[in-house]
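Along the sequence shown, residues are numbered consecutively beginning with 1. Nothing here was measured: the structure is a model prediction, and the numbers come from that model. Excluded from the calculations below are hydrogen atoms, water molecules and symmetry mates; all remaining heavy atoms, backbone and side chain alike, are included.
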Amino acid sequence: MTLNSDVRPDHPSAQPTAAAPRSAEHAGTVLRHAVERGLIGAARPVAGFLDTDGIRASVAALHSAFDTVPEVLHTFAAKASSLVPVLRLLADQGMGCEVASPGELRLARDAGFAPDRIVLDSPAKTREEIAEALCLGVSLNADNLDELDRIEALRPAGCASVIGLRVNPQVGGGAIGAMSTATATSKFGVALRDAGGRDGVVRAFARHPWLTRLHAHVGSQGCPLELIAEGIGETYRLAEEINATLGRQQITSLDIGGGLPVNFADDEVRPTFDDYTRALRSAVPGLFGGRYALVTEFGRSLLAKNGFIAARVEYTKQSGGRRIAVTHAGAQTATRTVLMPGSWPLRVGAFDAQGRPKTGESVAQDVAGPCCFAGDVVAESRELPALDEDDLVVLYDTGAYYFSTPWAYNSLPRPAVHGYIVDGADVRFAPVRDAQTLDEIAAESGARHAERLLALAPRATSR
Ligand SMILES: *Cc1c(COP(=O)(O)O)cnc(C)c1O
């Protein structure tokens with residue numbers, strides 16, 4: 001039944017569904033055209049692909065889910081797809097941009113986001129970064145109370161930046177420890193349930209009349225919606241308490257972060273943005289009433305299902321009785337999956353060299369990558385039609401945090417990324433990022449300093 005799209009064997013809802021072949025059929029169509037154009041094949045053995053129609057549809061679903069809120073700014077978390085053309089497309093679709101480093105701020109500006117549609121988060125902003133953001137008029141969420149003192153000192157007169165404070169409602173973690181932002185000991189935001197935490201926040205708002213926003217980013221992959229909604233509820237009630245205590249509506253907006261989890265087990269978008277706003281409405285009825293403008297910061301849920309990685313099978317072999325396909329997509333582009341296979345399983349599709357779905361009996365095989373460490377395996381003992389040299393594998397749902405965020409291990413090049421649109425019987429492509437060249441790899445590996453260490457030899461001692 002699962003011709004070429006398999007599922008996590010250990011996942012309870014991982015039974016093949018009627019929807020399962022849709023992504024396979026879609027990827028096959030794109031692959032066949034990509035092979036014809038030479039975008040994937042022997043000379044270019046791995047690439048990322050992004051569905052621009054799908055991205056537009058995801059953005060539209062987000063806007064529609066919040067369409068009753070009088071004032072809302074949906075920002076895209078740049079780290080989920082730090083590619084300028086993608087950010088440009090999102091800007092064109094009416095989104096703002098959430099950034100967390102000078103590099104991401106630069107990408108957002110290059111993509112054409114107006115400063116007042118950019119939100120700067122980061123737990124480690126330097127004074128210089130803060131000063132630049134304030135000077136540009138970029139919104140900024142302080143991570144802690146000390147950062148507020150820096151902002152106070154650096155704020156120019158007439159500063160246009162909206163300034164918020166990130167809080168950690170400490171409602172608990174999700175299924176993936178490393179991804180959980182609202183645990184008791186999370187490094188993010190002011191811990192509300194710690195002794196004096198809440199009071200400290202109230203006092204900070206009293207002291208700084210320019211502080212007008214509360215920020216919480218509670219969710220992430222592995223977090224149930226109810227937990228995210230509870231965290232946002234805590235934040236909303238804190239805003240109400242602060243405004244009541246101060247006797248004025250100083251807090252005018254709430255930044256509720258992103259963190260909607262993504263279903264990696266099959267084609268269904270689950271949960272949807274509508275599911276999320278339903279959960280929010282029931283947990284925090286006042287949230288959509290218009291008393292506060294809202295900001296969101298979704299990343300994974302907008303892009304994950306709108307992209308895939310395609311990679312060539314270079315060799316197949318047997319080892320310890322197990323069949324292994326050695327492909328060109330490993331830890332350099334599927335880093336999380338390789339390093340934390342239990343938390344980040346991916347569906348894998350099997351196609352022939354022309355991009356036609358492979359048929360034939362499924363056999364358990366490992367899908368390995370090109371990196372020189374034993375654990376560079378994307379899928380272990382996966383039931384797939386037997387893969388052969390020159391075949392193509394597809395790693396589904398990798399539109400966020402995968403090929404856009406490569407790892408430089410083994411000096412493997414950053415793979416090329418192509419946008420596409422399926423247009424009747426045709427598929428049109430547009431370049432998003434070129435594959436890294438050997439010259440670029442050498443340059444970023446210090447080639448111009450090649451001789452410098454030799455000069456650190458001990459000086460000749462003169463007596
Ligand atoms: C990563 C991050 C996001 C986006 O998270 P997703 O899980 O990709 O939606 C939003 N806000 C902040 C502060 C983040 O660190």
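Side-chain atoms of Ser122 and Asp143, non-hydrogen and from C-beta on, never get closer than 4.5 Å to each other. Contact annotation: the side chain of Asn141 never approaches that of Leu120 to less than 4.5 Å [non-hydrogen atoms, C-beta and beyond]. The shortest side-chain heavy-atom distance between Tyr276 and Leu225 falls under the 4.5 Å cut-off. Side-chain contact check for Val72 versus Val295: every heavy-atom pair is 4.5 Å or farther apart. Between Glu230 and Val284 the shortest side-chain heavy-atom distance does not fall below 4.5 Å. Using a 4.5 Å heavy-atom threshold, the side chains of Ile309 and Val394 count as separate. Leu412 places none of its side-chain heavy atoms less than 4.5 Å from the side chain of Val46. With contacts defined as side-chain heavy-atom distances shorter than 4.5 Å, the pair Thr316/Val326 does not qualify.
Within a 6.0 Å radius of CG in Leu456, other residues, nucleotides and ligands contribute more than 12 heavy atoms. Other residues, nucleotides and ligands contribute more than 12 heavy atoms inside 6.0 Å of the CZ atom of Phe373. Remark: Arg109 CZ is loosely packed, at most 12 non-hydrogen atoms of other residues, nucleotides or ligands lying under 6.0 Å away. At most 12 non-hydrogen atoms from other residues, nucleotides or ligands lie less than 6.0 angstrom from CZ of Arg127. For Arg106, the CZ atom sits in a loose shell: 12 or fewer heavy atoms of surrounding residues, nucleotides or ligands are nearer than 6.0 Å. The number of heavy atoms from other shown groups lying within 6.0 Å of CD (Gln318) is above 12.
Ring geometry for Phe308 versus Phe49: interplanar angle under 30°, hence parallel rather than tilted (30 to 60°). The aromatic rings of Phe273 and Phe298 stand perpendicular to each other, their planes meeting at an angle above 60°, with 30° marking the opposite boundary.
Here Asp146 does not pair with Arg150 in a salt bridge; the nearest charged N to carboxylate O distance is not below 4.0 Å. Salt-bridge check for Asp121 with Lys125: failed, with every basic side-chain N at 4.0 Å or more from each acidic carboxylate O. Salt bridge present: Arg312 and Asp390 bring a charged side-chain N and a carboxylate O closer than 4.0 Å. Ion pairing of Glu147 with Arg166 is absent here, as no side-chain N (NZ or NE/NH1/NH2) approaches a carboxylate O to less than 4.0 Å.
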Exercise for the section: May I have the step-by-step check of side-chain hydrogen bond (donor to acceptor under 3.5 Å, both in side chains) for Asp267 and Ser23, ending in yes or no? Expected result: CA-CA 6 Å; Asp267 277 346; Ser23 55; 2.7 Å; yes
Exercise for the section: Begin from the C-alpha positions of Ser64 and Asp67 and carry the test side-chain hydrogen bond (donor to acceptor under 3.5 Å, both in side chains) through to its verdict. Expected result: CA-CA 5 Å; Ser64 139; Asp67 67 358; 4.8 Å; no
Handout entry: Trace of the side-chain hydrogen bond (donor to acceptor under 3.5 Å, both in side chains) decision for Glu314 with His328
Key = CA-CA 7 Å; Glu314 197 63 54; His328 286 275; 2.6 Å; yes
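Side chain of Thr327 to backbone of Gly369: no donor-acceptor contact under 3.5 angstrom is found. Under a 3.5 Å cut-off, the side chain of Lys358 and the backbone N or O of Ala386 do form a donor-acceptor pair. Although no hydrogens or angles enter the test, the distance criterion places a donor-acceptor pair under 3.5 Å between the side chain of Asp376 and the main chain of Ala331.
Geometrically, Arg336 engages Tyr401 in a cation-pi contact defined by less than 6.0 Å to the ring centre and at most 45° from the axis. For the pair Arg428 and Tyr420, the cation-pi criterion (under 6.0 Å, within 45° of the ring axis) is not fulfilled.
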Donor-acceptor pairs are to be reported for all side-chain atoms of residues 80-104 against protein atoms at under 3.5 Å, with residues two or more places apart or in another chain.
unit_1: Ser101; atom_1: OG; unit_2: Gly103; atom_2: N; d: 3.4
unit_1: Ser101; atom_1: OG; unit_2: Glu104; atom_2: N; d: 3.0
unit_1: Glu104; atom_1: OE1; unit_2: Ala100; atom_2: N; d: 2.7

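Checking each of Arg270, Arg300, Arg347 against Asp397 for a salt bridge (Lys or Arg N to Asp or Glu O under 4.0 Å) leaves exactly one that passes, namely Arg347.
Residues Ser58 and Asn306 bring a donor and an acceptor atom of their side chains to less than 3.5 Å of each other.
The OH atom of Tyr402 sits 13.5 Å away from the CG atom of Leu303 when rounded to the nearest 0.5 Å.
Nearest heavy-atom pair, Leu384 versus Gln365, reported as atom, atom and distance to 0.1 Å: O-NE2, 2.7 Å.
Phe288 has its ring centre less than 6.0 Å from the ring centre of Phe66.
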